[in-house]
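Structure first, commentary second.
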Amino acid sequence: MRIAETIAELRTDVAAWRREGDSVAFVPTMGNLHAGHLSLVELARRHASRVVVSIFVNPLQFGPGEDFDRYPRTLEEDRRRLLAVGTDLLFLPAVGDLYPAGAEATTFVEVPGLAEDLCGRFRPGHFRGVATVVCKLLNIVHPDFVVLGEKDYQQLVLIRRMVRDLDMPIEVIGGPTRREPSGLALSSRNSYLTAEEREHAATLYRCIDMMGKSLEDRVNGIAAAEGEAEQSLEQAGFRVDYVTVRRCPDLAQPTPEDRELIILAAVWLGRTRLIDNRKIHRDAPGGA
Ligand code: AMP
């Protein structure tokens, strides 16, 4: 596995592959890799002859008082895992390399509407930071494919929009969410949870899964289901940022005709913010 610490090194390696006719798939991450990340690398492998993974904890997507400083950094272990799943190149840019004028002074990418919705309401500037860094990384790597997790569903939709709006010749691929046997979605932030909280955190998925089943079985309407889910999450000890139903794939408000929907939730458990989602397929139109 090649390791590139600068943009120039990365470009030299990718250019050499291109001359040999290789295709390139790219998996951007913030490190502290778990089986969810590795499943994206495996998915990338199935699409292209070369796989590039980046590890970069992007200061621009963290708000003041968020966990940028304490975000888990486990480079040696990450490197070992990436090698084991057949990564061709690990890109480890420095903050000063990606933001030579400083993160706050950089030119940025704004995806209107979507960036202020859902998590954007609670994390102002977060999606500007995400869109900007992913745009920069795509401009550096020039992949044929970028592989992102459905775990961060709003991020996936946002990057699809950016790639389309900016005419980037890249196919965006979404990989399914990997979970613990309890149902808890794997996440680097799970390491903030105490053992007790971790057990409790699985209630989030159980709750949205029940909500999904009830909507598929049309036990109740969407607004009622959202209200019930919020109440049961609060009763279970979570502080709810939102639990809501939107339509796939654009996250607009659902209409009664929409068949492909998704439940999206963001909650706090103690000091840890958890997000998760569950898709819903309705066979026939139903009441919104
Ligand atoms: P992060 O390191 O949190 O920025 O995540 C890097 C990529 O891994 C993103 O595209 C995430 O959506 C994806 N990812 C995170 N958790 C999971 C998971 N449990 N299953 C699949 N993909 C995931």
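Whatever order the structure lists ligands and atoms in, that order sets their numbers, starting from 1. Heavy atoms only: backbone and side chains are in, while hydrogens, waters and symmetry mates are out.
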Is [X] close to ligand 1, meaning an N/O of one under 3.5 Å from an N/O of the other?
{"X": "Gly175", "answer": "no"}
{"X": "Arg178", "answer": "yes"}
{"X": "Gly149", "answer": "yes"}

Can you report which non-hydrogen protein atom sits closest to [atom], along with the distance?
{"atom": "atom 3 (O) of ligand 1", "value": "Tyr71 OH, 3.9 Å"}
{"atom": "atom 4 (O) of ligand 1", "value": "Met30 CG, 3.5 Å"}
{"atom": "atom 23 (C) of ligand 1", "value": "Lys151 CB, 4.0 Å"}
{"atom": "atom 13 (C) of ligand 1", "value": "Leu40 CD1, 3.5 Å"}

*Do the rings of Phe62 and Phe68 sit parallel, tilted or perpendicular, given the 30° and 60° boundaries?*
perpendicular
What atoms in ligand 1 come closer than 4.0 Å to a heavy atom of [X]?
{"X": "Asp152", "answer": "11 (C), 12 (O), 15 (C)"}
{"X": "His37", "answer": "1 (P), 2 (O), 5 (O), 6 (C), 7 (C), 8 (O)"}
{"X": "Leu148", "answer": "10 (O)"}
{"X": "Pro28", "answer": "6 (C), 7 (C)"}
{"X": "Leu186", "answer": "16 (N), 17 (C), 18 (C), 19 (N)"}
{"X": "Thr177", "answer": "19 (N), 20 (N), 21 (C)"}

Taking atom [atom1] of [X] as the centre, does the number of heavy atoms from other residues, nucleotides or ligands within less than 6.0 Å exceed 12?
{"X": "Met1", "atom1": "CE", "result": "yes"}
{"X": "Arg178", "atom1": "CZ", "result": "no"}
{"X": "Glu234", "atom1": "CD", "result": "yes"}

_contact_flag Pro176 ligand 1 heavy-atom lt 4.0 Å_ = yes
*Please verify whether a non-hydrogen atom of Arg189 lies at under 4.0 Å from ligand 1.*
no
Salt-bridge criterion met for [X] and [Y] (N-O under 4.0 Å):
{"X": "Asp165", "Y": "Arg160", "answer": "no"}
{"X": "Arg189", "Y": "Asp67", "answer": "yes"}
{"X": "Asp209", "Y": "Lys213", "answer": "yes"}

*Under the side-chain hydrogen bond (donor to acceptor under 3.5 Å, both in side chains) rule, what do Glu216 and His281 come out as? Steps first, then yes or no, please.*
CA-CA 7 Å; Glu216 279 163 350; His281 175 79; over 6 Å; no
*Taking the six-membered ring of Phe238, is NZ or CZ of Arg206 closer than 6.0 Å to its centre and within 45° of its axis?*
no
_On the six-membered ring of Tyr205, is Arg179 placed so that its NZ or CZ lies under 6.0 angstrom from the centre and within 45° of the ring axis?_
yes
*Specify side chain, backbone, both or neither for Ser187, according to which of its non-hydrogen atoms lie closer than 4.0 Å to ligand 1.*
neither
_Heavy-atom distances under 4.0 Å decide this one: backbone, side chain, both or neither, for Glu150 against ligand 1?_
neither
*Qualifying residue for side chain to side chain donor-acceptor pair (under 3.5 Å) with Glu66, from Arg123, His126, Arg273*: Arg123
